[in-house]
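Accompanying notes for the structure given below.
No experiment lies behind these values; they were computed from the predicted model shown. Proteins come first, then strands; the chains are lettered A, B, ... in the order of their sequence lines, and each starts at number 1. The figures that follow rest on heavy atoms only: side chains count, while hydrogens, waters and symmetry mates do not.
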Amino acid sequence: MPELPEVETIVRGLRKTVLSKKIKSLKIFPSRVLHSSPAFLKRNLLRQRIQEINRRGKNIIIKLSSGDLLVIHLGMTGNLFYLNRPAFMGKHDHIDLEFSDRTHLRYGDIRKFGKFKLIKSSQAIKEGVLKTLGPEPLEISRDDFVQLLQKKKGRIKSVLLNQSIIAGIGNIYADEALFEAKLHPLQKVSDISRNGLIKLHQAIQKILRKAIKAGGSSVDNYRDVEGEPGFFQFYHKVYGREGEPCKRCGTKIKRIIINQRSTHFCPKCQKKN
DNA sequence: ACCAGTTCCTGGCAGC
DNA sequence: TGCTGCCAGGAACTGG
């Protein structure tokens with residue numbers, strides 16, 4: 001499932017492969033992942049150049065030469081593949097952009113939880129999707145992070161998953177960061193000490209940086225734009241390790257459900273206070 | 001205003 | 001072998 005490190009890896013891959021290319025043609029297979037009509041997409045994508053590729057939270061933002069933005073969210077199973085030769089559209093492919101050098105960028109999504117949307121430059125500032133996102137976890141300072149969380153209520157795991165509080169962390173990295181910071185996922189944010197929040201800030205940044213270096217985690221079907229898997233899953237200390245020994249103390253890793261999400265933690269290392 | 005629960009969607013897998 | 005039913009979860013939505 002693409003979270004911040006996977007999306008960052010994809011963005012870097014896109015910069016390497018499609019930056020400054022010109023869109024020559026496109027194929028569209030309408031489905032619920034398309035949040036813009038085929039006619040609107042055709043009108044605004046054809047003959048545009050890829051001017052900039054950025055990430056905001058888990059969103060990929062492609063700026064076109066017109067100034068319009070292509071905003072892509074990969075949901076659970078979305079993918080963007082760079083192809084240097086034409087290929088048949090797969091069962092779950094929704095969009096294929098062909099560039100003037102005859103290479104392609106293909107967007108697919110098996111479970112259709114993703115979003116593919118074109119935003120006119122004039123609407124970009126008003127656009128809610130990106131406006132409601134919290135700060136970037138790799139950019140927020142220690143003190144701003146502490147201040148931000150101190151104002152929040154609820155359990156720490158739910159807060160980390162809430163994109164309007166902090167953007168980009170999903171189920172895997174929330175569990176891994178909480179283990180790293182030795183915080184129990186059910187701990188109320190208001191009960192975490194200033195020192196605990198500082199440790200959490202460090203833990204989040206450390207885990208995300210390491211995961212980006214590893215090209216993300218390929219637990220399900222995640223692949224980068226060139227089809228390569230990430231390898232951070234080999235460094236997971238709690239996620240997907242229910243019943244296995246904690247790498248720190250040997251206690252069996254526990255799995256519970258919080259917000260309908262599996263949550264993995266070490267009951268000995270991560271105590272509630 | 002806030003929080004918990006429900007829904008969308010499909011492939012993979014366990015169990016019979 | 002083939003069928004059924006459950007599970008994975010990001011985010012929008014609903015109901016209390």
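Distance, A:Ile165 CD1 to C:dA11 C1': 14 Å, rounded to whole Å. For the pair A:Lys112 NZ and C:dA11 C1', the interatomic distance rounds to 17 Å; values are reported in whole Å. The distance from atom CG of A:Asn59 to atom C1' of C:dG10 is 11 Å, rounded to the nearest whole Å. Summarising the geometry, the separation between CD on A:Gln260 and P on B:dC3 is reported as 16 Å, rounded to the nearest angstrom. Atom pair A:Ile256:CD1 and B:dA4:P shows a separation of 13 Å (rounding to whole Å applied). The distance between atom CG of A:Asn259 and atom C1' of B:dT7, rounded to the nearest whole Å, is 15 Å. Remark: P of C:dG10 and OH of A:Tyr239 are 8 Å apart, rounded to the nearest angstrom. As rounded to whole Å, 7 Å separates atom C1' of B:dG11 from atom CZ of A:Arg111.
Ring geometry for A:Tyr239 against A:His236 counts as perpendicular: the plane angle is over 60°, on a 0 to 90° scale with 30° as the lower cut.
Distances shown here put every side-chain N or O of A:Arg261 at or beyond 4.0 Å from the OP1 or OP2 atom of C:dA8. Between A:Arg32 and B:dC9, a side-chain N or O to OP1/OP2 separation shorter than 4.0 Å is present. For the OP1/OP2 pair of B:dG11 and a distance below 4.0 Å, the side-chain nitrogens and oxygens of A:His92 include at least one atom meeting the criterion. A sub-4.0 Å separation between OP1 or OP2 of C:dG10 and a side-chain N or O of A:Lys115 is absent. OP1 or OP2 of C:dA11 has at least one side-chain nitrogen or oxygen of A:His73 nearer than 4.0 Å. Contact check, A:Lys58 against C:dA11: a side-chain N or O comes under 4.0 Å of OP1 or OP2. At the phosphate of C:dA11, OP1 or OP2 sits under 4.0 Å from a side-chain N or O atom of A:Gln163. Residue A:Ser262 places at least one side-chain N or O under 4.0 Å from the OP1 or OP2 atom of C:dA8.
In summary, the side chains of A:Thr77 and A:Arg111 do not present any donor paired with an acceptor at a separation below 3.5 Å, with no hydrogens or angles considered. Inspection of the A:Gln48 and A:Ser65 side chains reveals an N or O donor paired with an N or O acceptor under 3.5 Å.
In this structure, A:Tyr173 reaches neither bases nor backbone, as no heavy-atom distance under 4.0 Å exists between it and the strands shown. At the heavy-atom level, A:Lys91 lies under 4.0 Å from the strands shown only through sugar-phosphate atoms.
Between A:Leu148 atom CG and A:Ile140 atom CD1 the span is 5.0 Å, to the nearest 0.5 Å.
Nearer to the 5' terminus of DNA chain B, by closest-nucleotide assignment, is the contact made by A:Gly154 (compared with the other of A:Gly154 and A:Ile110).
A:Arg56 and A:Glu136 are joined by a salt bridge, as a carboxylate oxygen and a charged side-chain nitrogen come within less than 4.0 angstrom of each other.
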